[in-house]
A.B. asks: 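Below you will find the structure I want to go over with you.
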Protein chains: 2
Amino acid sequence: MSVYTVKQMAKLSGVSVRALHHYDAIGLLKPRAVGANGYRYYDRQDLLRLQQILFHRALETPLKDIQAALDQPGFDLAAALRAQRERLVAEAERYARLVDVVDRTLADLEGDVTMDDKKLFEGFDPEKQAGYEAELVERYGEPMAERIAQSKAGMKAWDKTDWASFQQEAAAIEHDMAKALAQGLPVDSGPVTAIMRRHWAWIAKSWNREPTPDAFAGLAHLYQDNPEFTARYEAIAPGLTEYLAEAMRAFAEKR
Amino acid sequence: MSVYTVKQMAKLSGVSVRALHHYDAIGLLKPRAVGANGYRYYDRQDLLRLQQILFHRALETPLKDIQAALDQPGFDLAAALRAQRERLVAEAERYARLVDVVDRTLADLEGDVTMDDKKLFEGFDPEKQAGYEAELVERYGEPMAERIAQSKAGMKAWDKTDWASFQQEAAAIEHDMAKALAQGLPVDSGPVTAIMRRHWAWIAKSWNREPTPDAFAGLAHLYQDNPEFTARYEAIAPGLTEYLAEAMRAFAEKR
DNA sequence: CTTGACCCTCACGCCACGTCAGACCTGATG
DNA sequence: CATCAGGTCTGACGTGGCGTGAGGGTCAAG
């Protein structure tokens with residue numbers, strides 16, 4: 001009565017026959033018996049195990065780990081679930097952030113603002129974002145962490161117009177720096193200093209607070225060390241990353 | 001000046017050299033030039049294109065689609081992004097639901113309630129969940145949609161104790177039904193009718209409203225047609241799905 | 001005995017690369 | 001000029017969780 005063929009198991013559980021073959025092959029779920037004809041026969045215990053498998057699979061646990069969880073008697077399921085929970089929370093947040101990115105990009109598109117000014121402030125690749133922050137905090141201590149939090153809080157309240165003007169100013173600064181570089185102006189010359197004043201103000205706006213000279217110079221390093229920034233600047237003009245960084249350091253020293 | 005080797009491109013953009021090879025191989029990003037030695041040489045335009053690629057890749061767009069988006073001149077980027085946005089929202093919600101599932105499971109585990117009573121009300125596999133709802137709505141019209149919404153709203157307010165007792169009652173009902181089946185009691189016999197009264201009440205609790213007899217009978221079909229339910233009942237006892245469904249229909253007819 | 005619905009075992013395909021292996025190229029140094 | 005480090009290349013296989021045939025055996029009903 002309670003013996004099922006592959007097809008029946010598939011219908012009862014919602015997985016494919018191929019998946020059952022696969023689970024058999026990797027030893028995750030072996031049928032209770034195999035006939036002389038090679039047919040797989042499952043029973044209710046197998047069905048129960050399959051249900052457990054599906055539970056873990058829905059949480060995106062690798063099949064290997066599921067096997068380990070189900071086969072080891074003293075396995076700490078609660079601990080594993082708590083670990084999974086963290087992962088899932090992180091994923092949920094990641095996707096929420098990506099939605100934000102798309103929203104801002106769409107706002108850009110519909111507002112007809114130039115399309116290329118979105119890379120810097122998008123917040124995708126949160127690991128790297130976290131990396132920047134960790135770097136800044138390590139270099140400048142706890143107060144920096146607070147500043148970052150302030151910055152985030154402040155920027156959250158911005159509307160689309162704020163973002164658009166913010167990005168336009170960034171583009172303008174970059175454009176002017178590229179021109180200065182092309183003209184061979186020294187980084188401590190008057191015009192470049194003027195641009196740096198605008199950059200300083202722009203940073204102050206994004207941080208919701210005046211940067212210290214040290215932090216400003218540290219940002220220059222950050223620009224040089226991280227691909228997100230170098231790619232952006234190098235794409236505008238070759239050598240712009242270093243030129244900008246030098247200009248920032250020169251400006252910071254005068255403060 | 002603005003000519004980059006693979007490694008330089010990799011450093012500037014943060015992708016691996018292997019990925020650049022791959023993008024070349026599939027035609028997504030071909031270097032501006034290839035030397036007589038076979039070396040790939042990129043320029044700033046390539047870097048810009050790579051940045052666009054990375055933007056889309058971060059949104060998990062398949063590389064083929066990215067290529068289509070970048071190569072077709074009249075491509076509707078906004079429409080594509082809106083579609084992606086929907087996907088991302090759905091994913092964010094899915095993960096949030098999974099976190100809920102894990103939380104409830106953990107509550108179960110820590111409350112020492114039996115572990116197997118979690119499958120029915122978990123809300124993972126949202127597509128199928130949506131399928132159930134669509135099925136019910138189609139069968140019973142718009143009022144059912146409203147009822148589902150009510151049910152969800154009501155259950156959201158439940159705490160862990162509510163969930164635990166809710167699940168215990170379900171388990172008790174199933175257990176009693178399995179016993180009745182084993183004893184061969186007819187589905188319209190007194191004891192079975194008594195169990196059905198409890199099942200009815202249980203449904204009423206979850207729906208936040210009394211079911212109509214038609215809806216109750218419809219639920220019986222749902223149990224028989226969907227693997228999530230059949231697997232659950234068949235795992236408890238073979239034939240329980242049909243027995244339960246018959247009992248529900250018999251009960252519904254008497255109302 | 002035939003039909004049609006099952007069942008089996010290979011075995012390749014997918015996607016976006018990671019990871020060797022083996023060989024060639026280039027620029028700086030002894 | 002030889003050497004050496006550190007690039008660069010082209011295969012080619014591995015990853016995970018199966019999907020999707022191909023080619024052939026099995027089983028129950030008519």
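Protein chains get the first letters and strands the later ones, always in sequence-line order, with residue 1 at the start of each. The model shown is predicted, which means the values in this text are computed figures rather than measured ones.
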A.B. asks: In whole Å, I'd like the distance from the CG atom of A/Asn37 to the P atom of C/dC7.
C.D. replies: 11 Å
A.B. asks: Among the nucleotides C/dC8, C/dT26, C/dA11, which one has an atom lying closest to any side-chain atom of A/Arg18?
C.D. replies: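 Shortest atom-to-atom distance from the side chain points to C/dA11.
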A.B. asks: Can you check whether A/Thr5 has a side-chain N or O nearer than 4.0 Å to OP1 or OP2 of C/dC6?
C.D. replies: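 No, because none of the side-chain N or O atoms of A/Thr5 sits under 4.0 Å from OP1 or OP2 of C/dC6.
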A.B. asks: Using heavy atoms to find the nearest nucleotide of DNA chain C for B/Tyr39 and B/Thr61 separately, return the residue whose nucleotide is more 5′.
C.D. replies: B/Thr61
A.B. asks: Below 4.0 angstrom, N of the basic side chain to O of the carboxylate: do B/Glu174 and B/Arg232 qualify?
C.D. replies: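 A salt bridge is present here (some side-chain N lies under 4.0 Å from a carboxylate O).
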A.B. asks: Taking any heavy-atom pair under 4.0 Å as a contact, classify A/Val6: base, sugar-phosphate, or nothing.
C.D. replies: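 Since only primed, P, OP1 and OP2 atoms lie under 4.0 Å of A/Val6, the category is sugar-phosphate.
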A.B. asks: Between D/dG7, C/dC17, C/dC8, which nucleotide gets closest to the side-chain atoms of B/Arg57?
C.D. replies: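 When the side chain of B/Arg57 is considered, C/dC17 is the closest of D/dG7, C/dC17, C/dC8.
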A.B. asks: Mind calculating the distance between OH (A/Tyr4) and P (C/dC7) to the nearest angstrom?
C.D. replies: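 Going from A/Tyr4 (OH) to C/dC7 (P), I get 15 Å.
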A.B. asks: What is the distance, to the nearest angstrom, from the NE2 atom on B/His21 to the P atom on C/dC15?
C.D. replies: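 In whole Å, C/dC15 P and B/His21 NE2 are 22 Å from each other.
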A.B. asks: Start at the 5' end of DNA chain D and walk down; is the nucleotide closest to A/Leu20 or to A/Tyr41 reached first?
C.D. replies: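 Whichever sits nearer the 5' end wins; that is A/Leu20.
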A.B. asks: Counting only heavy atoms not in A/Glu60, do more than 12 sit closer than 6.0 Å to its CD atom?
C.D. replies: yes
A.B. asks: Looking across every strand, which nucleic acid part, if any, lies under 4.0 Å from B/Tyr23 by heavy atom: base, sugar-phosphate, or nothing?
C.D. replies: sugar-phosphate
A.B. asks: Write down the distance between NZ (A/Lys64) and C1' (D/dT15), rounded to a whole number of angstrom.
C.D. replies: 9 Å
A.B. asks: Rounded to the nearest Å, what distance is computed from the NZ atom of residue B/Lys7 to the C1' atom of nucleotide D/dT8?
C.D. replies: 11 Å
A.B. asks: Specify the separation, in whole Å, of atom NE2 of A/His22 and atom C1' of C/dC8.
C.D. replies: 18 Å
A.B. asks: Is the shortest side-chain N to carboxylate O distance from B/Arg49 to B/Asp43 below 4.0 Å?
C.D. replies: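 A salt bridge is absent here (no side-chain N lies under 4.0 Å from a carboxylate O).
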A.B. asks: Step through it carefully: locate the ring centre of A/Tyr95, locate the ring centre of B/Tyr95, and say whether they are under 6.0 Å apart.
C.D. replies: yes
A.B. asks: From CG of A/Leu29 over to C1' of D/dC18, roughly how many Å is that when rounded to an integer?
C.D. replies: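 Atom-to-atom, A/Leu29 to D/dC18, this comes out as 15 Å.
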A.B. asks: Should the ring pair B/Phe229 and B/Tyr233 be called parallel, tilted or perpendicular, given that the plane angle runs from 0 to 90° and is split at 30 and 60?
C.D. replies: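 Correct class here is parallel.
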A.B. asks: In dot-bracket notation, what is the pairing pattern of DNA chain D, taking Watson-Crick (N1-N3 plus N6-O4 or O6-N4) and G-U wobble (N1-O2 and O6-N3) contacts under 3.5 Å, with [ ] crossing and | for other strands?
C.D. replies: ||||||||||||||||||||||||||||||
A.B. asks: Using OP1 and OP2 only, check whether a side-chain N or O of B/Ser16 sits under 4.0 Å from C/dC17.
C.D. replies: no
A.B. asks: With no hydrogens and no angle check, do the side chains of B/Gln224 and B/Thr230 hold a donor and an acceptor under 3.5 Å apart?
C.D. replies: no
A.B. asks: Would you mind reading off the distance between B/Asp65 atom CG and C/dA16 atom P, rounded to a whole angstrom?
C.D. replies: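 It works out to 9 Å between those atoms.
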A.B. asks: What contact category does A/Ile26 fall into here, base, sugar-phosphate, or nothing, at under 4.0 angstrom with non-hydrogen atoms?
C.D. replies: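 Contact class for A/Ile26: none.
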A.B. asks: Does atom CD of B/Glu242 have more than 12 heavy-atom neighbours from other groups under 6.0 Å away?
C.D. replies: no
